[in-house]
Amino acid sequence: MNNKPLQTIPLLKQLAFVGDNWIAAASGASLYVQNPATAELVGSVPNLCEKETSLAISAASEAFEGWAKTPAAQRGRKLRSIRDFLLRNISDLAKLLTCEQGKPLREAEKEIEYSASFFDWFSEEARRTYGEVIPSPTKDHRILVTKEPVGVCAAITPWNFPSAMVARKMAAALAAGCTFICKPASETPFSALAIALAAEHAGLPAGVVNIITGDPEPIAHTLLADSRVRKISFTGSTEVGKLLMQQSAATLKRLTLELGGNAPFIVFEDANIEQAVRGAMFAKYRNAGQTCIGINRFFVHQDVLEPFTAALAAASRKLHVGNGLDHDTDIGPLISREATKKVAELVSEAVQQGASLRLGGLPDPKGPYIYPTILTHVRPEMRICREEIFGPVCTIQSFADESSVIGLANNTEYGLASYFYTKDLSRAVRLTEALQYGMVGVNNTVISFTEAPFGGIKSSGFGREGSHFGIDEYLNLKYSAAQIEH
Ligand code: SIN
């Protein structure tokens with residue numbers, strides 16, 4: 001790593017947040033964060049271990065009763081204050097995000113707005129955690145159902161949306177009356193720490209929010225083993241999700257798992273090609289292809305294969321690849337050299353196995369960038385069609401009829417997002433029902449809204465985030481049956 005630190009970045013906090021203290025590691029150890037575009041040092045964070053993780057759990061446990069009993073309207077006001085902080089500081093926060101993660105500033109600003117939208121939405125949902133009165137089968141019982149916060153919740157969040165994935169979990173947890181501990185990805189801790197700063201400005205009671213930085217294993221192990229932590233919410237790989245689930249078994253924690261995807265994007269012969277290309281450009285190249293809901297496999301009807309591919313190639317060729325801090329950048333670097341190496345390997349392997357490069361060359365496995373790449377003549381058994389690419393690479397297959405493409409699209413262990421384009425209403429209904437995915441984009445690839453339930457099925461995990469369903473992940477139902485005298 002180049003050891004030259006970047007110029008001072010506003011809102012860069014280089015300490016972890018536990019209780020209401022900004023702390024360093026007792027061991028003095030640090031983790032260094034580099035800008036993926038330039039390898040310059042962005043800053044360092046404490047490399048906390050078991051001891052500090054336990055302190056965070058104690059702080060969150062002690063704060064729980066008071067926060068759970070705080071009236072929902074008051075909790076909502078605190079969340080709105082966090083939202084306001086994020087929006088007031090959007091330019092600085094976007095710059096911070098781009099420095100640690102690499103995405104273009106424009107996208108980073110959108111992400112901060114997305115984060116703020118979760119605090120906005122859940123500030124209102126806090127007041128709507130209604131219970132129910134259920135008609136009793138007898139005349140002398142009354143059945144009441146109420147909702148109670150789950151308790152101390154821990155989140156393990158990814159590097160691809162380092163602000164929004166913290167916000168989506170934290171806002172729902174706090175609104176429900178839970179206290180919160182977050183372990184952000186080691187590559188991108190600063191956006192999470194900036195949210196702790198927002199929480200501090202909002203005057204949240206000590207221990208309600210804790211952001212702990214460091215190597216994932218000791219922290220995750222401590223969170224999972226401690227029975228005071230009642231819930232884990234994780235966004236990341238299916239492999240790690242399965243491990244977390246296994247390790248949560250001993251203390252039977254509730255889980256929300258947002259895991260990998262392998263999104264199909266289907267273009268039927270009657271689709272509006274221009275609209276489909278616009279949708280593809282967004283869902284393929286957003287964040288340089290590093291999204292779980294990014295298109296992994298294109299299926300294009302044989303009658304429109306050439307016009308669609310040509311239009312996609314023409315639009316892709318215009319994209320500007322470079323440092324996310326440059327204002328004309330459309331595609332930033334991948335998060336690390338290991339990431340570019342993996343994408344380069346997937347492309348080379350596919351080409352060796354018979355895929356054709358329609359756009360782009362074989363990627364440089366050592367550089368920070370992957371240029372927009374289009375591969376045709378790919379086959380479903382190739383690794384590039386089975387694994388998440390997490391890079392700006394389009395893989396195109398053609399198909400002849402609806403039933404075969406449904407089979408191809410569903411032929412994956414994943415079930416997060418899917419997209420299709422057609423003008424035929426009956427087909428749209430049939431496809432929506434037939435696609436085995438948690439989310440379906442119909443003539444559209446914009447599916448991430450705070451108002452909508454984000455989540456998958458099969459190996460993409462379970463649980464929903466955002467929407468009015470999202471808060472239920474942080475609430476337990478309690479039912480009481482009262483016997484009355486007449
Ligand atoms: C993801 O794909 O990792 C999350 C994207 C989103 O919420 O839009």
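Residue indices begin at 1 and follow the sequence shown. A quick note: this is a predicted structure, and the numbers were derived from the prediction, not measured. Atoms within each ligand, like the ligands themselves, are counted from 1 in listed order. The analysis underlying the following values was restricted to heavy atoms, covering all of them including side chains, and did not include hydrogens, waters or symmetry mates.
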The complete set of ring pair (Phe, Tyr, Trp, His ring centres under 6.0 Å) pairs with one or both residues in residues 165-186, sequence neighbours excluded, reads none
Residue pair S316 / Y285, side-chain donor-acceptor N/O under 3.5 Å
yes
Please tabulate, for side-chain N and O atoms in residues 456-463, each donor-acceptor pair with protein atoms closer than 3.5 Å (sequence neighbours left out).
{"from": "K458", "atom 1": "NZ", "to": "T412", "atom 2": "O", "distance (Å)": "2.8"}
{"from": "S459", "atom 1": "OG", "to": "E413", "atom 2": "OE1", "distance (Å)": "2.9"}
{"from": "S460", "atom 1": "OG", "to": "G260", "atom 2": "O", "distance (Å)": "2.6"}
{"from": "S460", "atom 1": "OG", "to": "G415", "atom 2": "N", "distance (Å)": "2.8"}
{"from": "S460", "atom 1": "OG", "to": "L416", "atom 2": "N", "distance (Å)": "3.2"}

- Message: Apply side-chain hydrogen bond (donor to acceptor under 3.5 Å, both in side chains) to residues K147 and T129 and explain how you reach the verdict.
- Response: CA-CA 7 Å; K147 293 182 181 178; T129 55; over 6 Å; no
Lining ligand 1 at under 4.0 Å, by non-hydrogen atom distance, are residues Y114, N160, F161, M165, R168, R286, T291, C292, I293, S448, F454
So, R168 versus Y114: side-chain donor-acceptor pair below 3.5 Å or not?
-> yes
Sorted by chain and number, sequence neighbours left out, side chain to side chain contact (heavy atoms under 4.5 Å, CB included) with L259 holds for F234, T238, L257
